Engineer: 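Sharing a structure below in structure tokens format, with a few things to ask.
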There are 2 protein chains.
Amino acid sequence: MPTIKDVAEKAGVTVTTVSRVLNNRGYISEATRQKVYKAMEELNYQPNELARSLFRGRSHLLGLIIPTVAHPFFGELSASIEAYAHSKGYKVLLCNSQLNRKKEKEYIEMLKRHQVDGIIMASHTMEVDEFAKVNLPIVTFDRRIGADIPYVSSDNYQGGKLATNLLVDKGCRKIAHICGNLSLNMLANKRNEAFVATAQERGVEYYTIQTEINVFETKQYELLIKDLFNEHPDLDGIFANSDLMAVSAIKVCSLLKKRIPHDVRIVGYDDTSIASLVLPQITTIRQPIEQMSALAIELLIRQMNEEQVSVDNILPVTLQERETT
Amino acid sequence: MPTIKDVAEKAGVTVTTVSRVLNNRGYISEATRQKVYKAMEELNYQPNELARSLFRGRSHLLGLIIPTVAHPFFGELSASIEAYAHSKGYKVLLCNSQLNRKKEKEYIEMLKRHQVDGIIMASHTMEVDEFAKVNLPIVTFDRRIGADIPYVSSDNYQGGKLATNLLVDKGCRKIAHICGNLSLNMLANKRNEAFVATAQERGVEYYTIQTEINVFETKQYELLIKDLFNEHPDLDGIFANSDLMAVSAIKVCSLLKKRIPHDVRIVGYDDTSIASLVLPQITTIRQPIEQMSALAIELLIRQMNEEQVSVDNILPVTLQERETT
DNA sequence: CCGCTACATCTTTAATGGTCGGCATCTTTT
DNA sequence: AAAAGATGCCGACCATTAAAGATGTAGCGG
């Protein structure tokens, strides 16, 4: 690999001059500039970002910690985050925590060692007090960690309300919400709060089904939903916490010969591409992934520049009505 | 952020001594070692990997260039690659090229600037001769670039053969293969070669439908398949080049009131999680993503160590028979 | 008990690749 | 003649490491 020294020699100037050309600093004649560019071209020179980052104390690297990029929601989120980061000159280090507390901590330490300029944390099994030690710009997704760390989220309460009201509006009288573990203090829990409040307000029978934490296993979802229908054969509405769960619900209904939306209505969450891909197409609550991604990056950059950031960043959700209701 | 200097001061030794503790090099008394550990602990010190990488000429960073991590196949591939890289002490820089030639080149240059130790290239719009300049350990996915650059692939010909034979075995007489642009010299083209050869051999009518290159747009797939059935209403078998395409085919069939598998049989490709998620569950050709990922990393590491690597690395595929045939 | 060797322990110095400020030295323009 | 433009030189700096050097201590023979 050629260094700045090689370029300088080839162009017949000093490294200082090459550095000046690279960074557009000081006086440089057009002739010299061209000589330097030519030498760089010929040597196929690329400045060593490690050295630059070391000196500047800025790596232009971001860490992204998610459960797994294989999950459609996090896949789409990651693609979007990377795209926006790229447009702002930042690179993304991908970390799949598998929702494993130890891995989350290890990844955070690794990211610190690699001098990332900021971390986007979208995997939340870690204890809140662990975050205090991080000492780096952080943005969390869908979880509020104390009063200092900004988070990006969509309006979970509104999402739960929209979904529940839609089910009741369409005539459901006995509905269930299938969600993650509520004991973790996640903002997504507000969906269930809204579900409960709305169901009570509208006077329909309702149930909350919590899944175990580390379950992206669709088979597990299916079993859970089968059990649910076993216990409540007359259930006529399901609010699923992700489109993936909604797909599992569709499968179980098909197995039990329940017609959608005639016998059972289903509302999903996220509006990942799978929602409009499957049949019947899933009615779902759309999270504005692009805006959330852009906002997360913005918040990180503002923290780096020591600008003021607002802690609560809640973006609106929208109802996407399709065929399951 | 505390540096090795701070640790040295706190422990009352020189930085070199701290460095030797860190790297387990030379003679260190147990007492000093403990002092240093204690100082590191108290300062919450993390060694600066930029500086280490700069000195050692090894960053332990890998670049992963894919079309987009939002696509289920590449999402699962990325998750798997990151997991395996992590287990070998490597970190992954995520690059979504959007199948854009300019972006691919830009990403490669960026990765070089950041001194990655190797690149996994799974997005192929770039010209072959561009690769010569890269001058870094590379592994490609599903594309053979000259005789020097090793590639990892699954047995595309076998996949095409399995799929086509299955369709014909099940009674199809008029089949179509929906695939990507064949003018790009991709190994996935072998699926079509196998399709054509097998169809001829088995004496059934067959068609090849090429999609435009930058199309992860499922709507486009649907239009394409609609046109196909318009032209050939008696088509009774579809070999789709991805599970996503197969899902689109299912949707169109449902729209046209064609029953699966009674009227039309469908075989997908990849065996991403979506294949067993949708209804009817998709018969598909399974690519061994985990093994392919592991192999790709192995090949990179071997190149870094200047060991001999084999250029052709083709792993076997398997047929997963489900409900669409 | 001295002197020598051997080794343990820690420090000094230079290197990694690049940036940057100050200052010197020309040349060109005003 | 003064100001501005163009370049070079020197050294400090970023955080870390490797090689070589300095210091101390113990063992051993004489």
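All values below come from the heavy atoms of this structure, side chains included, with hydrogens, waters and symmetry mates left out. Here the structure is a predicted model, which means the values were calculated and not measured. By convention in this document, chain letters (A, B, ...) are assigned in the order of the sequence lines, proteins followed by strands, and residues within each chain are numbered from 1.
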Engineer: I need the CZ-C1' distance between B:F55 and C:dT13, as an integer number of Å.
Structural biologist: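 Rounding to the nearest Å, CZ of B:F55 and C1' of C:dT13 are 12 Å apart.
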Engineer: Check whether any side-chain N or O of A:H114 sits under 3.5 Å from a backbone N or O of A:V116 as a donor-acceptor pair, and report yes or no.
Structural biologist: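 Judged by distance alone, no pair lies under 3.5 Å.
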Engineer: Whole angstrom is fine here: how far is it from CZ in A:R56 over to P in C:dG17?
Structural biologist: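 Between P of C:dG17 and CZ of A:R56: 17 Å.
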Engineer: Could you walk me through whether B:E127 and B:R101 pass the salt bridge (charged side-chain N to carboxylate O under 4.0 Å, His left out) test, one step at a time?
Structural biologist: CA-CA 8 Å; B:E127 301 293 334; B:R101 184 166 313 181; 2.7 Å; yes
Engineer: Is it true that a side-chain atom of B:N181 and a backbone atom of B:S183 form a donor plus acceptor pair closer than 3.5 Å?
Structural biologist: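 Looks like yes, one N/O pair under 3.5 Å.
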Engineer: Give me the first and last nucleotide of DNA chain D, going 5' to 3', that has any atom under 4.0 Å from a heavy atom of chain B.
Structural biologist: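 Range of nucleotides touched by chain B: D:dA15 to D:dA19.
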Engineer: Could you state the CD-P distance from A:E9 to C:dG17, rounded to the nearest angstrom?
Structural biologist: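 So the CD-P distance, A:E9 to C:dG17, works out to 13 Å.
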Engineer: Side chains of B:Y90 and B:L300: closer than 4.5 Å at any heavy-atom pair?
Structural biologist: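 Result no, sub-4.5 Å side-chain heavy-atom pair not found.
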Engineer: Could you check whether A:G12 gets within reach of a base, just the sugar-phosphate, or nothing at all, counting any heavy atom under 4.0 Å?
Structural biologist: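 The residue A:G12 makes sugar-phosphate contact but no base contact.
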Engineer: Taking only side-chain N and O atoms of A:R52, does any of them lie within less than 4.0 angstrom of OP1 or OP2 on C:dG18?
Structural biologist: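 Checking A:R52 against C:dG18: no side-chain N or O falls below 4.0 Å of OP1 or OP2.
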Engineer: State, yes or no, whether a side-chain contact exists between A:L111 and A:C95 at a heavy-atom distance under 4.5 Å.
Structural biologist: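 In contact.
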Engineer: Give B:V15 one of three labels, base, sugar-phosphate or nothing, depending on what nucleic acid heavy atoms sit under 4.0 Å from its own.
Structural biologist: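 Contact class for B:V15: none.
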Engineer: Is there a donor-acceptor pair under 3.5 Å between the side chain of B:D270 and the backbone N or O of B:T272?
Structural biologist: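 No; zero donor-acceptor contacts below 3.5 Å.
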Engineer: Okay, side chain of A:S78, backbone of A:F74: is any donor-acceptor separation there less than 3.5 Å?
Structural biologist: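 Indeed, once roles are kept as given, a pair shorter than 3.5 Å links the two residues.
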Engineer: Contact class for A:I4 vs. all strands (heavy atom < 4.0 Å): base, sugar-phosphate, or nothing?
Structural biologist: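 Contact class for A:I4: sugar-phosphate only.
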Engineer: Sequence neighbours left out, cut at 3.5 Å: what donor-acceptor pairs do the side chains of residues 144-152 of chain B make with other protein atoms?
Structural biologist:
residue	atom	partner	partner atom	Å
B:R144	NH1	B:D312	OD1	2.7
B:Y151	OH	B:D312	OD1	2.7

Engineer: Can you find a side chain N or O atom of A:Y45 that sits less than 4.0 Å from OP1 or OP2 on C:dG17?
Structural biologist: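 No, no such contact exists.
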Engineer: What integer distance in Å separates A:R58:CZ from C:dT19:C1'?
Structural biologist: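 The distance from CZ of A:R58 to C1' of C:dT19 comes to 16 Å, rounded to the nearest Å.
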Engineer: Please list, by residue number, the residues of residues 16-42 of chain A whose heavy atoms come closer than 4.0 Å to an atom of DNA chain D; answer none if no residue qualifies.
Structural biologist: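 Residues of residues 16-42 of chain A under 4.0 Å from DNA chain D: A:T16, A:T17, A:R20, A:Y27, A:I28, A:S29, A:T32.
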Engineer: Determine, for B:E109 against B:K105, whether the closest basic-nitrogen to carboxylate-oxygen distance falls under 4.0 angstrom.
Structural biologist: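 Here B:E109 does not pair with B:K105 in a salt bridge, since their nearest N and O are not under 4.0 Å apart.
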